[in-house]
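A quick note: this is a predicted structure, and the numbers were derived from the prediction, not measured. We number each residue from 1, following the sequence as shown. First listed ligand is number 1; within each ligand, the first listed atom is number 1.
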Amino acid sequence: MTAPQKKNTLLYNIIFVVVGGALLLFLLRAPEESTARMPYNDDHERFYSMAKKEAEKFCESCHNPEGDVPLAPDHPPKYRCLFCHKKVER
Ligand code: HEC
Ligand code: HEC
C-alpha cells in the first residue's frame, strides 16, 4: 500500500518545483522600479543609517507644501516614503 502514496508525493514535489520555478522567473523578469530613489547627498545622507520608520519622520520637514521641495499635488498617498523611494545602492 505504500507504492501509490510514494508516486503521489513525487508528483506533488514536481508540481512544487515547477510552480516555484515559474514564480521565480516571473519575479526576476518584473520591470525595474521607476520611482525616484532617495538621493545620497548632504540632505539625505543621515537617513541611510536610520531605520526607515525613524527616517520618515523627517522627510516632511523639507518635503512639505511650504518647504524647499514640495511634493506634487498629484503625488500618491505619502505615508511610508521609503517604501516607494528606495535608498540608492552604494
Ligand atoms: C534637509 C531637507 C530634506 C530632507 C529632511 C529630506 N529631503 Fe529629500 N530632497 C531635498 C532636496 C533639496 C531635494 C532636491 C535636490 C536633491 O536631489 O537633493 C530632495 C529630493 C528628494 C527626492 C527626489 C530625488 C529625485 O531624483 O528627483 C526624493 C525621492 C527625496 N528627496 C526623498 C526624501 C525622503 C524619503 C526623505 C526622508 C527620509 C527626505 N527626502 C528628506 C531635501 C530634503
Ligand atoms: C505610494 C508610493 C509613494 C510614497 C509612499 C511616497 N512617494 Fe514620493 N513619489 C512617488 C511617485 C510615483 C512619484 C512621481 C514619480 C517619480 O518618482 O518621479 C513621487 C515623487 C516624489 C518626489 C519628486 C521626485 C521627482 O523627481 O520629481 C519627491 C521629492 C517625493 N516623491 C518625496 C516623497 C516623500 C518625502 C514621501 C513621504 C512623505 C513620499 N514621497 C512618499 C511615490 C511615492
Engineer: Measuring from atom NZ of Lys87 to atom CZ of Phe47, what distance do you get when rounded to the nearest 0.5 angstrom?
Structural biologist: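 Interatomic distance, Lys87 NZ to Phe47 CZ, rounded to 0.5 Å: 10.5 Å.
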
Engineer: Say whether, by atom type as modelled, one donor and one acceptor occur between the side chain of Tyr48 and the main chain of Val88 under 3.5 angstrom.
Structural biologist: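 Checked: pair present.
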
Engineer: Which protein non-hydrogen atom lies closest to atom 28 (C) of ligand 1, naming both residue and atom, and how far is it?
Structural biologist: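 Scanning the protein heavy atoms, the shortest distance from atom 28 (C) of ligand 1 goes to Pro39 CD, 3.8 Å.
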
Engineer: I would like to know whether Lys53 and Arg80 meet side chain to side chain contact (heavy atoms under 4.5 Å, CB included); could you show each step before the answer?
Structural biologist: CA-CA 7 Å; Lys53 267 198 159 148; Arg80 304 309 322 263; 3.6 Å; yes

Engineer: Should you measure from each heavy atom of Arg80, which atoms of ligand 2 turn up under 4.0 Å away?
Structural biologist: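 Counting atoms of ligand 2 from 1, those under 4.0 Å from Arg80 are 5 (C).
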
Engineer: Of the backbone atoms (N, CA, C, O) and the side-chain heavy atoms from C-beta on, which set of Tyr79 has a member under 4.0 Å from an atom of ligand 2: side chain, backbone, both, or neither?
Structural biologist: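 The answer is the backbone.
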
Engineer: Under a heavy-atom criterion of less than 4.0 Å, does Arg37 contact ligand 1?
Structural biologist: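 Flag set, Arg37 near ligand 1.
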
Engineer: Looking only at non-hydrogen atoms, find the nearest pair between Cys81 and Cys59 and report the distance.
Structural biologist: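 What the structure gives for the nearest pair is SG-SG, 3.6 Å.
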
Engineer: Does the protein come close to atom 31 (N) of ligand 2 - that is, does one of its heavy atoms sit below 4.0 Å from that atom?
Structural biologist: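 Given the 4.0 Å limit, the answer for atom 31 (N) of ligand 2 is yes, a protein heavy atom qualifies.
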
Engineer: Which of the numbered atoms in ligand 1 are below 4.0 angstrom from a heavy atom of Phe58?
Structural biologist: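 Listed by number with element: 5 (C).
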
Engineer: Contact between ligand 1 and Val69 is defined here as a heavy atom of the residue under 4.0 Å from a ligand atom; is it met?
Structural biologist: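 True for this residue.
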
Engineer: Using a 4.0 Å heavy-atom cut-off, say whether Glu60 meets ligand 2 through its side chain, its backbone, both or neither.
Structural biologist: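 Side chain only.
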
Engineer: What protein heavy atom sits nearest atom 20 (C) of ligand 1, and how far off is it?
Structural biologist: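 Closest protein heavy atom to atom 20 (C) of ligand 1: His63 CE1, 3.7 Å.
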
Engineer: Ala36 versus ligand 2: do any nitrogen or oxygen atoms come within less than 3.5 Å of each other?
Structural biologist: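 It does: an N or O of Ala36 is found under 3.5 Å from an N or O of ligand 2.
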
Engineer: In the protein, which heavy atom is nearest to atom 3 (C) of ligand 2, and how far is it?
Structural biologist: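 For this ligand atom, the closest protein heavy atom is Cys84 SG, 2.7 Å.
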
Engineer: For atom 41 (C) of ligand 2, decide whether some protein heavy-atom distance is shorter than 4.0 Å.
Structural biologist: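 Yes, at least one protein heavy atom sits under 4.0 Å from atom 41 (C) of ligand 2.
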
Engineer: Who's closest to atom 16 (C) of ligand 1 heavy-atom-wise, of Leu71, Asp42, Thr35, Asn41?
Structural biologist: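 Shortest heavy-atom distance from atom 16 (C) of ligand 1: Asn41.
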
Engineer: Got a second to check how far Met50's CE is from Phe58's CZ, nearest 0.5 Å?
Structural biologist: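 Rounded to the nearest 0.5 Å, the CE-CZ separation comes to 4.5 Å.
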
Engineer: Quick check on contacts: which atoms of ligand 1 are under 4.0 angstrom from a heavy atom of Cys62?
Structural biologist: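 Reading through ligand 1 atom by atom, the close ones are 1 (C), 2 (C), 3 (C), 4 (C), 5 (C), 42 (C), 43 (C).
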
Engineer: Assigning hydrophobic clusters by single linkage (Ile, Leu, Val, Met, Phe, Trp, Tyr; side-chain heavy-atom cutoff under 4.5 Å), is Leu11 placed with Val19?
Structural biologist: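 Yes, Leu11 and Val19 fall within the same hydrophobic cluster.
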
Engineer: I need the nearest protein heavy-atom contact for atom 38 (C) of ligand 1: residue, atom name and distance, please.
Structural biologist: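 Going atom by atom, the protein heavy atom closest to atom 38 (C) of ligand 1 ends up being Cys59 SG, 2.7 Å.
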
Engineer: What atoms in ligand 1 come closer than 4.0 Å to a heavy atom of Cys81?
Structural biologist: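 Listed by number with element: 35 (C).
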
Engineer: Donor-acceptor check, side chain of Glu56 to backbone of Leu82, threshold 3.5 angstrom: yes or no?
Structural biologist: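 Yes, because the side chain of Glu56 sits within donor-acceptor range (under 3.5 Å) of the backbone of Leu82.
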
Engineer: When you look for heavy atoms under 4.0 Å from ligand 2, do you find them on the side chain of Pro77, its backbone, both, or neither?
Structural biologist: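 Only the backbone of Pro77 comes within reach of ligand 2.
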
Engineer: Taking atom 8 (Fe) of ligand 1 as the reference point, name the nearest N/O/S atom of His44.
Structural biologist: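 This turns out to be NE2.
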
Engineer: Return a yes/no value: protein heavy atom under 4.0 Å from atom 25 (C) of ligand 2?
Structural biologist: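 No.
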
Engineer: Indicate if Leu10 and Val18 have the same hydrophobic cluster label, given that clusters are the connected sets of ILVMFWY residues with side-chain heavy-atom separations under 4.5 angstrom.
Structural biologist: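 In one cluster with Leu10: Val18, yes.
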
Engineer: Verify the distance test for His75 against atom 8 (Fe) of ligand 2: any N/O/S atom under 2.8 Å, yes or no.
Structural biologist: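 Within the cut-off used here (under 2.8 Å), His75 does place an N, O or S atom near atom 8 (Fe) of ligand 2.
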
Engineer: Give the numbers and elements of all ligand 2 atoms closer than 4.0 Å to a heavy atom of Pro76.
Structural biologist: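 Listed by number with element: 10 (C), 11 (C), 12 (C), 42 (C), 43 (C).
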
Engineer: For the atom pair NE2 (His75) and SG (Cys84), what is the distance rounded to the nearest 0.5 Å?
Structural biologist: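 Reported to 0.5 Å precision, the distance equals 7.5 Å.
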
Engineer: Show me which atoms of ligand 1 lie under 4.0 Å from any heavy atom of Ser61.
Structural biologist: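 Numbered from 1, ligand 1 contributes 5 (C).
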
Engineer: Looking at His85 and Met38, would you say the former's side chain and the latter's main chain have a donor-acceptor pair under 3.5 Å?
Structural biologist: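 Checked: no pair found.
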
Engineer: Under 3.5 Å, is there a donor-acceptor pair between the side chain of Asn41 and the main chain of His44?
Structural biologist: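 Between the backbone of His44 and the side chain of Asn41 there is a qualifying donor-acceptor contact (under 3.5 Å).
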
Engineer: Under 4.5 Å between any side-chain heavy atoms of Glu89 and Arg37, yes or no?
Structural biologist: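 They are in contact (side-chain heavy atoms under 4.5 Å apart), so the answer is yes.
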
Engineer: Closest heavy-atom contact between Asn64 and Glu66?
Structural biologist: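 Taking every non-hydrogen atom into account, OD1-N, 2.8 Å.
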
Engineer: Within the structure, does at least one protein heavy atom fall under 4.0 Å of atom 11 (C) of ligand 1?
Structural biologist: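 Answer yes: something from the protein, a heavy atom, is under 4.0 Å.
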
Engineer: Is any N, O or S atom of His85 under 2.8 Å away from atom 8 (Fe) of ligand 2?
Structural biologist: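 Yes, since at least one N, O or S atom of His85 sits under 2.8 Å from atom 8 (Fe) of ligand 2.
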
Engineer: Under 4.0 Å from a heavy atom of Leu82: which atoms of ligand 1 are those, numbered in the order shown and with their elements?
Structural biologist: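 With Leu82 as reference, the close atoms of ligand 1 come out as 35 (C).
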
